[in-house]
Amino acid sequence: MINVGVLGATGAVGQRFVQLLAEHPWFNLETLTASERSAGKTYRDAVNWRLDKPFPESTGDITVSHTDVASLKGLDLVFSALPANLATKLESDIADAGIAVCSNASSHRMDKNVPLVIPEVNQEHLGLIDVQRDSGRDGFIVTNPNCSTIVMAMALNPIRSRGLSDIRVATMQAMSGAGFDGVAAMAIYDNVIPYIGSEEEKMENETLKIMGQFDGAEILPAEFSVSASCHRVPVIDGHTMAIWASVNASPEELKADYRNYSAPFSGLPTQPEKSVQLLEESDRPQPRLDRNRGDGMTVSVGRIREGIRFIAMGHNTIRGAAGASILNAELIVSKKYI
Ligand SMILES: NC(=O)C1=CN([C@@H]2O[C@H](COP(=O)(O)OP(=O)(O)OC[C@H]3O[C@@H](n4cnc5c(N)ncnc54)[C@H](OP(=O)(O)O)[C@@H]3O)[C@@H](O)[C@H]2O)C=CC1
Ligand SMILES: N[C@@H](CC(=O)OP(=O)(O)O)C(=O)O
């Protein structure tokens, strides 16, 4: 078993990490950290459990630690669900101290020597771990993309070999993406908010890194363009998006690509049976009906039309956040980086 911790374990994403790691077959959940408000309390007392899954009782007696390097002694790997402003320095310090960091925060995603990974899409980018180690770092940082970016990149991946260009996307993003206290009920109920800070830039920039080529030293970004418009809607979990792309193939050919697609690896505990599921019904995917496919790890696509135009949807705090980081960690272990 690999000893792991969760940084920011009481937050929206942190709770998902704890839920998914409590009974993990490879990872032994030893340490949970949060702010000074929570440190010193048992996890049961510190956390305001708000997930749609029962509180994992096996974690209840863990004493919440301070979020600093000293609290992580003896761990092989930490999962970070910290606010980005805290993650910037702390994640670097932890990696320098010899611990592997799988981060969900945006701070290091675009760093030159940090892999921004979706296992199904660009597992070869993990070669940047060697680049970090060659620069003298004992541990390393691996990041997963922004939640909307993950859903879009996974949805495009099965048709990528057709040649993609001129991608446009309009998102309809769930409230949980803003964290528990991120959007007031009075602001979102009966409403749509057509702005999510920095989200459009993240979708436009991160996608080019993820779909770029690793040349053994650095990532050469993909050359197509992405134009995004991001919107918050009154849905609890599940980011839905309408995607337009120039692709040299008919809708029927693309549907066949989705039906024939399978992940380029197997045997990882968090891996769903189907990473991308094509739904043939004319009114799917829908967040309430489809977000829990593959225990929240499957991205659903549908309504593929000439243009090319289609809809994609995925669970933002599982496939778009905690589950993404855990799948990255499993891939890292399977490739013997830990
Ligand atoms: N929500 C989502 O869908 C996604 C979120 N992310 C990213 O994940 C990260 C966490 O987001 P989210 O879970 O929504 O955030 P929350 O606000 O829900 O949780 C923040 C966590 O960080 C802890 N924390 C806050 N301040 C400090 C501090 N000064 N020192 C130590 N710990 C602190 C909190 O502890 P305490 O309870 O003690 O205050 C809590 O555990 C962010 O970087 C976010 O951008 C990424 C993808 C998707
Ligand atoms: N901005 C996303 C969630 C998020 O925190 O993204 P990031 O990890 O890129 O900061 C949303 O609101 O749905």
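Note: hydrogens, waters and symmetry copies are ignored here, and every other heavy atom, side chains too, is used. In this text the structure is predicted, and so the values were computed from the model without any measurement. Indexing begins at 1, ligand by ligand and atom by atom, following the structure's order.
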So which heavy atom in the protein is nearest atom 1 (N) of ligand 1, and how far is it from that ligand atom?
S176 O, 3.1 Å

among protein heavy atoms, the one nearest atom 43 (O) of ligand 1 is L82 O, 2.7 Å

What protein heavy atom sits nearest atom 23 (C) of ligand 1, and how far away is it?
G8 CA, 4.1 Å

Counting each atom of ligand 1 from 1 as listed, which ones have a heavy atom of A321 under 4.0 Å away?
47 (C), 48 (C)

Under the 3.5 angstrom rule, does the side chain of Q123 hit a backbone N or O of E120 as a donor-acceptor pair?
no

Distance-only donor-acceptor check, side chains S71 and D68, under 3.5 Å:
yes

Decide whether E199 and T171 meet the rule of one side-chain donor and one side-chain acceptor closer than 3.5 Å.
no

Should A12 be counted as touching ligand 1, given the test is an N or O pair under 3.5 Å?
yes

Candidates D295, V151, D237 - the one meeting side-chain contact (heavy atoms from CB on, under 4.5 Å) with H315:
D237

In the protein, which heavy atom is nearest to atom 12 (O) of ligand 2, and how far is it?
R232 NH2, 2.5 Å

Ligand 1 contact on N146 by region, counting heavy-atom pairs under 4.0 Å:
neither

Taking non-hydrogen atoms only, is A9 closer than 4.0 angstrom to ligand 1 via side chain, backbone, both or neither?
backbone

Atoms of ligand 2 less than 4.0 Å from N146 heavy atoms?
6 (O), 7 (P), 9 (O)

Does this structure show an ion pair linking R137 with D96, if we count only N-O contacts that are shorter than 4.0 Å?
yes

Using a strict cut-off of 4.0 Å, indicate which atoms of ligand 2 neighbour a heavy atom of R109.
7 (P), 8 (O), 9 (O)

Any atoms of ligand 1 less than 4.0 Å from a non-hydrogen atom of G179? List them with their elements.
14 (O)

Between the side chain of H24 and the main-chain N/O of F27, is any donor-acceptor distance below 3.5 Å?
yes

Whether the S266 and Q271 side chains hold a donor-acceptor pair (N or O, under 3.5 Å, no angle test) is what I'd like checked.
no

For ligand 1, which atoms sit closer than 4.0 Å to a heavy atom of A84?
43 (O)

Answer yes or no for atom 45 (O) of ligand 1: protein heavy atom present at a distance under 4.0 Å?
no

Less than 3.5 Å apart, any donor N or O on the side chain of E36 or H66 sitting next to an acceptor on the other?
yes

So, S325 and N144: side-chain donor and acceptor under 3.5 Å apart, yes or no?
yes

What about S106: any of its N or O atoms under 3.5 Å from an N or O on ligand 2?
no

The closest protein heavy-atom partner of atom 8 (O) of ligand 1 is N104 ND2, 3.5 Å

For ligand 1, which atoms, with element, lie under 4.0 Å from some heavy atom of P83?
22 (O), 25 (C), 43 (O)

Any N or O on Q173 sitting closer than 3.5 Å to an N or O of ligand 2?
yes

With no hydrogens and no angle check, just 3.5 Å: does a side-chain donor-acceptor pair link S80 and E91?
yes

Answer with yes or no whether the hydrophobic clustering places I196 together with M241; edges join I, L, V, M, F, W, Y residues whose side-chain heavy atoms lie under 4.5 Å apart.
no

I'd like to check which ligand 2 atoms, numbered from 1 as shown, lie under 4.0 Å from a non-hydrogen atom of N104.
8 (O)

Is any NZ, NE, NH1 or NH2 atom of the basic residue among R259 and E280 found under 4.0 Å from an Asp or Glu carboxylate oxygen of the other?
yes

With a 4.0 Å cut-off, strictly under, does atom 15 (O) of ligand 1 pick up any protein heavy atom?
no

Rounded distance [0.5 Å steps], NE2 in H239 versus CZ in R319
14.5 Å

Minimum-distance protein heavy atom relative to atom 29 (N) of ligand 1
L86 CD1, 3.6 Å

Answer side chain, backbone, both or neither: which part of S198 comes under 4.0 Å from ligand 2, heavy atoms only.
neither

Below 4.0 angstrom, N of the basic side chain to O of the carboxylate: do R16 and D52 qualify?
yes

H125 and F214 aromatic ring geometry - parallel, tilted or perpendicular at 30°/60° bounds:
tilted

Pairing of E252 and K255 as salt bridge, 4.0 angstrom limit:
yes

Looking at G177, which atoms of ligand 1 are within less than 4.0 Å of one of its heavy atoms?
1 (N), 2 (C), 3 (O)

Short N/O distance, under 3.5 Å, between S35 and ligand 1?
yes

Return the closest protein heavy atom for atom 19 (O) of ligand 1 as residue, atom name and distance.
G11 CA, 3.2 Å

Under 4.0 Å from any heavy atom of E199, which atoms of ligand 2 are there?
1 (N), 2 (C), 11 (C)

What atoms in ligand 1 come closer than 4.0 Å to a heavy atom of T67?
31 (C), 32 (N)

Proximal ligand 2 atoms for G177, defined as those under 4.0 Å from one of its heavy atoms:
2 (C), 3 (C), 4 (C), 5 (O), 11 (C), 12 (O), 13 (O)

For A105, atoms of ligand 1 separated by under 4.0 Å from a heavy atom:
43 (O)

How does I196 reach ligand 2, by side chain, by backbone, by both or by neither, if only non-hydrogen atoms under 4.0 Å count?
side chain

Before accepting this row, confirm whether a basic side-chain N of the pair K73/E30 lies closer than 4.0 Å to the acidic partner's carboxylate O.
no

Per-atom contacts, ligand 1 versus T317 - under 4.0 Å to a heavy atom:
3 (O)

So the atoms of ligand 2 within less than 4.0 Å of a heavy atom of K202 turn out to be 7 (P), 9 (O), 10 (O)

State whether Y195 and R232 meet the cation-pi test: NZ (Lys) or CZ (Arg) under 6.0 Å from the six-membered ring centroid, and within 45° of the perpendicular axis.
no

Between Q277 and S300: side-chain donor-acceptor atoms closer than 3.5 Å:
no

Shortest protein contact, atom 13 (O) of ligand 1 (heavy atom only)
V13 N, 2.8 Å

Within 4.0 Å of some non-hydrogen atom of H239, the atoms of ligand 2 are 13 (O)

Looking only at distances, can you tell me whether any N or O atom of S106, backbone or side chain, sits closer than 3.5 Å to an N or O atom of ligand 1?
no

Any carboxylate oxygen within less than 4.0 angstrom of a Lys/Arg side-chain nitrogen, looking at D166 and R168?
yes

Write out the residue and atom name of the closest protein heavy atom to atom 35 (O) of ligand 1, then the distance separating them to 0.1 Å.
T10 OG1, 3.1 Å

